[in-house]
There are 2 protein chains.
Amino acid sequence: MSTGNPDVPPQTLAEAKAQFIHLWGVSGTSWGVSKTLAQVHALLLVSPAALSTEDIMSQLTISRGNASMTVRELLGWGLLYKELRPGERREYFVAEKDMLQVTRCIIRARKRRELDPMKRTLDQLATLPGDAADADYRAFHTTLTDIQQLATASDKLLTKLMLAERSWFWDKFFKLFL
Amino acid sequence: MSTGNPDVPPQTLAEAKAQFIHLWGVSGTSWGVSKTLAQVHALLLVSPAALSTEDIMSQLTISRGNASMTVRELLGWGLLYKELRPGERREYFVAEKDMLQVTRCIIRARKRRELDPMKRTLDQLATLPGDAADADYRAFHTTLTDIQQLATASDKLLTKLMLAERSWFWDKFFKLFL
DNA sequence: CACAAGTTTCAGGAATTATTGAAACTTGTG
DNA sequence: CACAAGTTTCAATAATTCCTGAAACTTGTG
């Protein structure tokens, strides 16, 4: 599979797929997700059929170890499903294709890994007692309280998005905001 | 300044500051922002007074070059202001402390750098013509259209947040969602 | 139980990204 | 204009993160 050179309008489906996989890899990278993880996800997002580890390895030219670990991680995020075929030992994987579900999975995973621990630390830091006459203390305390507030608001918003009904989601997200 | 070891409840303001700076650095890293950038930002967020490059270097134990480049980048994001003191050549920097503004700056910068280019590529890929009877093409086209739709919705939401009045922001963000 | 087919693990190497530090540059001043 | 005080640049290096590949493991089968 080619490099997916961007900015050249794709002529064939294979080119377009390669460009999409490349795009997803680059985007992932700039949001702290490893290139391979994003690319395996992209590959499966545009595959109508389930793919085996073997398929993934060869289509993305990555090692067996990398493919295996990456697939397991995506399963952990809830972005992939195993497809077991009777009489075959080999495992196949399909991506969750519903972008609302995909969004929910990503929000859930990142909230759990990053936002929640961060909030715990902030809570602890914000309680530090101190001298209200000390400018240093006041600056620290005010900033921490403000950040805490923002973190709490984000948390609640994300939780709501995560649990929302599809209809609620589109109602609010579209009618209200756009 | 110490390492900011987390999970140990801070006893002094200096410890708490160090922990906050550490936290911000770690969080930045997992969202694709360099540790130093996040830490310089954190340092200035909790400093009541403006700091010079010299101050930043010594408080975070980083090199002059690193401090200079980082400060410039934060200025570019709109997260820092220069403070010039009459009769002094040295430049001082203050952080934007209003977390709503901070949020807007971050949204603006990341939208411009990541979301916008991505949307352009998606638009191009989604227009690829093809055979509706081909499962491969259908999978590609459907996924791309869905992602495009999500990207457009996010774009609009972020734009609205970015430009919103403070009152609108809190009204919607709190009353409606939480 | 020996083997085949497939999966997982992980130490070490490769690739990427961040940081340093010294030299070049700018700018105000006597 | 020479100097001092400060800032920026960037090639070299350090640190981090990612990926490979081979060995160990698992599991179904004759």
Side-chain angles (χ1 to χ4, degrees), chain A residues 1 3 21-22 24-44 50-77 80-94 113-114, chain B residues 1 3 21-22 24-44 50-77 80-93 110 113-114:
Chain A
M1 186 161 282
T3 54
I21 290 167
H22 179 256
W24 218 236
V26 170
S27 304
T29 298
S30 65
W31 289 95
V33 169
S34 96
K35 191 181 65 163
T36 301
L37 191 92
Q39 289 190 331
V40 171
H41 186 217
L43 173 63
L44 282 158
L51 299 183
S52 66
T53 305
E54 209 71 47
D55 296 330
I56 294 170
M57 284 168 59
S58 70
Q59 295 209 41
L60 299 177
T61 352
I62 60 175
S63 72
R64 184 174 301 284
N66 195 4
S68 167
M69 288 192 302
T70 300
V71 161
R72 256 178 335 107
E73 187 165 355
L74 284 168
L75 286 168
W77 286 52
L80 255 47
Y81 304 110
K82 273 190 195 177
E83 187 182 291
L84 297 172
R85 298 187 182 171
E88 266 202 81
R89 173 173 304 188
R90 182 175 297 201
E91 299 179 318
Y92 291 80
F93 306 93
V94 222
R113 288 163 208 222
E114 286 136 28
Chain B
M1 188 162 282
T3 54
I21 290 167
H22 179 256
W24 217 235
V26 169
S27 304
T29 298
S30 65
W31 289 95
V33 169
S34 97
K35 190 181 64 163
T36 302
L37 191 92
Q39 290 190 332
V40 171
H41 185 216
L43 173 64
L44 282 158
L51 300 182
S52 67
T53 305
E54 209 70 48
D55 296 330
I56 295 170
M57 286 169 57
S58 69
Q59 297 210 38
L60 300 177
T61 352
I62 61 177
S63 71
R64 182 174 305 281
N66 196 3
S68 166
M69 289 192 303
T70 299
V71 161
R72 257 182 329 111
E73 187 165 355
L74 284 167
L75 286 168
W77 285 53
L80 254 46
Y81 304 110
K82 274 191 194 176
E83 187 182 292
L84 298 172
R85 300 187 180 169
E88 265 201 83
R89 171 173 308 188
R90 180 174 300 202
E91 300 178 318
Y92 290 81
F93 307 93
R110 302 212 70 164
R113 286 165 210 220
E114 285 137 28

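Below, chain A is the first sequence line, B the second, and so on; all start at residue 1.
- Spacing between atom CE of A/Met57 and atom C1' of C/dT7 amounts to 12 Å, rounded to whole angstrom units.
- Residue-level contact check: B/Glu91 touches the backbone only, with heavy atoms under 4.0 Å from sugar-phosphate atoms and none from bases.
- In this structure, A/Leu74 atom CG and C/dT7 atom P are separated by 16 Å, rounded to whole Å.
- Applying the side chain to side chain contact (heavy atoms under 4.5 Å, CB included) rule to A/Leu75 yields the partners A/Val71, A/Leu80, A/Lys82, A/Phe93; only residues at least two apart in sequence or on another chain are considered.
- One interatomic measurement links the two molecules: CG of A/Leu51 to P of C/dT7, which rounds to 13 Å at whole-angstrom precision.
- Stem analysis of DNA chain C (at least three stacked-register Watson-Crick or G-U pairs, each with both distances under 3.5 Å) gives C:1-30 with D:1-30.
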For each nucleotide in nucleotides 11-16 of chain C, reading 5' to 3', give B when a protein heavy atom comes within less than 4.0 Å of its base, S when such contact involves only the sugar-phosphate, and - otherwise.
------
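- Under the side chain to side chain contact (heavy atoms under 4.5 Å, CB included) criterion, A/Ser34 pairs with A/Thr36, A/Leu37, not counting sequence neighbours.
- Each of D/dT20, D/dT8, C/dG21 was ranked by its minimum atom distance to the side chain of B/Arg72; first place goes to D/dT8.
- Contacts of B/Thr36 with the nucleic acid, taken as non-hydrogen atoms under 4.0 Å apart, involve only primed sugar atoms and P, OP1 or OP2.
- For B/Val26, the side chain to side chain contact (heavy atoms under 4.5 Å, CB included) partners are B/His22, not counting sequence neighbours.
- For B/Asn66, the side-chain atoms get nearest to C/dT19 when compared with the rest of D/dT8, C/dT19, D/dT7.
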Readout for nucleotides 22-30 of chain C: B = base within 4.0 Å of protein heavy atom, S = sugar-phosphate only, - = neither; 5' to 3' it is -----BB--
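- Within 4.0 Å (heavy atoms only), A/Ser34 reaches sugar-phosphate atoms of the nucleic acid but no base atom.
- Atom P of nucleotide C/dG21 and atom CD1 of B/Ile62 are separated by 12 Å, given to the nearest angstrom.
- Taking atom CG of B/Leu75 as the reference point, atom C1' of D/dT7 lies 13 Å away to the nearest angstrom.
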